[in-house]
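Letters A, B, ... are given to chains in the order of the sequence lines, protein chains preceding strands, and every chain is numbered from 1. All figures in this text were calculated on a predicted structure; none of them were measured in a lab.
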Amino acid sequence: MITDDTMTEIPKTYDPQQAEHSHYARWEREGYFAPEINKDPNAPVFSIAIPPPNVTGSLHMGHALQHTMMDVLARHKRMCGYRTLWLPGMDHAGISTQLVVSRQLKKEKLSRHDLGREKFVERVWQWKAESGGEITKQMRREGASVDWSRERFTMDEGLSRAVREVFVRLYEEGHIYRGARIVNWCPTDQTVLSDLEVEKAPHKDKLYYLQYPLKDSARRITVATTRPETMLGDTAVAVNPDDERFRDLVGQMVLLPLTGRTIPVIADDYVDPAFGTGAVKITPAHDANDYEMGVRHSLPQVFVIDQNARMTLEAGEDFAGLDRFKARERVVEQFQELGLLEKIDEYEFSISRCERCRTVIEPLISTQWFVRMEEVRDLALDLKNKEGKPRFIPETYEKVYTNWLENLRDWTISRQLWWGHQIPAWYDEAGNVYVARDEAEARAKAGTDQLTQDPDVLDTWFSSALWPFSTLGWPEQTEDLKTFYPTSVLVTARDIIFLWVSRMVMMGLKFASDRPFDDVFVTGTILDKHGQRMSKTKMNGVDPLEVFDKYGVDATRIMLAAVGTTDVRWNDKQVESYRNFANKIWNATRFCLMNVEGAESSGDPFANNQTELPLHDRWILSRLHKTARDMNAALGAYAFHEAVQLIYHFFWDDFCDWYIELTKAIITAAEESPERSVARARMIWVLEQSLRLLHPFMPYITEELWQRLPVRHQDLLHPAYANAPPTIMLASYPQSDAGLIDERAEVEMQAVIDLVTRVRNIRSEMNIKPGDRVPVLIGAADDQLRAAFAANSDQIARLARASSVSVSGRLTAPRASARAALAGGAELAVPLEGLIDFEQERARLHRDRDKLEAEATKLEAQLANPQFVERAPAEKVSEARAKIADIQQRMAVLAETIEGLK
RNA sequence: GCCCGCUUGGCUCAGUGGUAGAGCACUCGCUUCACACGCGAGGGGUCAAUGGUUCGAAUCCAUUAGCGGGCACCA
């Protein structure tokens, strides 16, 4: 009974804020997110370690995207009865966070050195508390079903202990070493960087041709360089050994201008005779390649640039103290004055910049800590080659991953920062090094307490590499570690496959004795509307919180889930359409709740004798079970987009557009009756199942509505959660019952749907007023089809707005009718005395016939081809024959109809 | 330079060896007792180009073009 009261109770438009307000707090309070909620001792385990967001600020759309996918997986598995853990946490993000705080200090006209290490680190912890708080707030808003009781931070005591343990073991086994190597130095951040933290970008600049006079002749040898200032540190000129032009010069000495030094001409295969002048200046101290060559030829290293990117005293009095770019200008000037500048070309090459601050990297020789990767690399490669793990989705990343591993080089792990894990190495006064788990152990090893700890910290990715097991208590063999490691899947963006994914695999195999995860799901990227990556510097990012506010969390989530693995351009319209979907769900439920009286049922209202169920009930059951089957399969295969499409169309098209409309007449009957009650209960039952199917994607609205349904909530929980306070979160995820998939019901229902659609089409084309009712005549020779039409004639009348529906074996209709031929040889007529323009009607029928004929021609050609009949699968051939039979039947009906109109 | 991905209706994207799909946008009609964030009916694509494999290709292979990404020591 629809009363004004119920109408006003539920608003017409869904207000996401209202639903988002309270449920999360309750879920968290009741402990639904913790695996302990699962009381089944034999429950399978599902676990995910979150890629820990950096504590540098707030979450962006990429986080929202990843978190949505992880949450969909976690919620789905939880509803399937898995002991589910999604472990949250954050990353201290060494450089990035130190930069953020340094910038804050700068506004107060302070530097970190003004504060000193201890105070500065304290200040960063303060920032961590703020930023971390913001992030957890955002994740709660997202609806992320993470177990907050297990939240971790990479600089927690436990994780720090794991870091030291791994460092010490790697050192003791000889995988970690300290030494002077050429490294990437950022003069702004004052730290070394790994190759992966350096960004290479095309750069337009100049190529300078410098002439160096030979010592014992009047000849000059010309070298080309993009960095003239480094010539002050040259210690050789190299040519290719096979290069005829310079063969006689090899071994001779060159007078290095501006320095007064003499340097040799050497021969090395590395030199490409075809490039530049064929002669290369060699600066071992300031170029990675030259460094290698210097090692090969035992060349001296002359340091002319310091850690601030200024020229050193060794560069000579004219240059000492100059910035490297100023020095470049001056070197060029002086070469010009000396007549040794041959020419300057415009030139495009790639330049290395610090990923964080964009400063041009200065290659320097510096003493740092490194990890030899060979052993762990081989562990990872073996796992991939022998067991195919981890499996990448999409597959294309498999090759990227193995290729990178195969070409792996030593990992520079020390950083000249204050924020991070300080390297567990101590030096005595003589400079001897003691690597230990703590200072006490170091003292014991050194036999003295006069020790100084290495001031450097570890690369932030060192601790991230341990994340999947350090968060579970390693090196202790905790219950959590035994239960949840290896984790099930890693969901991540593609840009950290090397930085993070590969290193987790290597470290997991080495220290946790097993792979860290089975699957790696690599998400697509959200681009801006022009196809550009969203970035802070470009200011083109879309803030997830704003989208949440505007369209609701659920709409945003399901839109993001649908992204899957491909890059997509951001478009508000897409979220809007899912906002509309949320509203549709809201209103469908609203309708059910308006017609709830008598529907309070116990058990399955479809569970009578199934053969007695009306067609539309058998049909919706079949559709529901197919949808459940396909959704479970899609989610199991990480086919998020497919899962979203399935539930979207099931809910909107099948349930709302057809099922509710078909059952409406009974549902809204004024008189109470057993039929009305059971119909209501069935509608609510299908709705309830739909909400469960939707829940992983749209947790808030589904919980909000589910709680309002007149069902026995407790009974719907998965057995593993039988005694938990009811929530849709812990309800069983619908599983398909193959016995309820009813192909015949689907065929018959489709015939009814097609029939109704054709009548509506005729009404529309004939401009029949929506309020006008017209008679509908149906002819169907097929017994089953005829029975289906007859049994549903009331619904057909309602949906097609017919004044009457008559079904017979053979159609007899007035000449003045609009007609159509349907599948299965059925025909349809709408008598429209006075409204029919016979000419027009004939044209319409001819159009229909032409379409069929075109199709028939294709099929006939196919069947006329003996090779098709011989070679195509028998199934395809019989399919084609069945199709053509149907088309011919329909054409015959049409031909007769057209004949009748003459 | 090498490798990878993408190229499907106006837009954003699905899809698949057997007669092209969705959402948005568009056209027409609707205050039809859940929903105008809606309902009903429509229009619109030779699936980048060329060649090949196949009974059959938008779907597989090769080449080309455009776009995007990754890797690389060319001064």
Which nucleotide, [options], lies nearest any side-chain atom of [X]?
{"X": "Pro770(A)", "options": "C35(B), G29(B), C71(B)", "result": "G29(B)"}
{"X": "Ser577(A)", "options": "G70(B), C24(B), C37(B)", "result": "C24(B)"}
{"X": "Asp657(A)", "options": "G40(B), A75(B), C73(B)", "result": "G40(B)"}
{"X": "Asn571(A)", "options": "G38(B), C11(B), C35(B)", "result": "C11(B)"}

Once you apply a heavy-atom cut-off of 4.0 Å, does [X] come out as touching a base, just sugar-phosphate, or nothing?
{"X": "Gln862(A)", "answer": "base"}
{"X": "Lys851(A)", "answer": "nothing"}
{"X": "Lys876(A)", "answer": "base"}
{"X": "Ala288(A)", "answer": "nothing"}
{"X": "Cys656(A)", "answer": "base"}
{"X": "Glu406(A)", "answer": "nothing"}
{"X": "Tyr347(A)", "answer": "sugar-phosphate"}
{"X": "Asp272(A)", "answer": "base"}
{"X": "Asp567(A)", "answer": "sugar-phosphate"}
{"X": "Thr757(A)", "answer": "sugar-phosphate"}

Asp654(A) versus His649(A), side-chain donor and acceptor atoms under 3.5 Å: no

Pair Arg494(A)-Thr525(A), side-chain donor/acceptor within less than 3.5 Å: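 Side-chain D/A pair, Arg494(A) to Thr525(A): present.
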
Base of U12(B) paired with side chain of Gln574(A) (donor-acceptor, under 3.5 Å):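 When only heavy-atom distances are counted, Gln574(A) does not reach the base of U12(B) through any donor-acceptor pair under 3.5 Å.
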
For atom CZ of Arg227(A) and atom P of A75(B), their distance in whole Å: 12 Å

Nearest-angstrom distance, P atom, G5(B) to U46(B):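 The answer is 27 Å between these two P atoms.
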
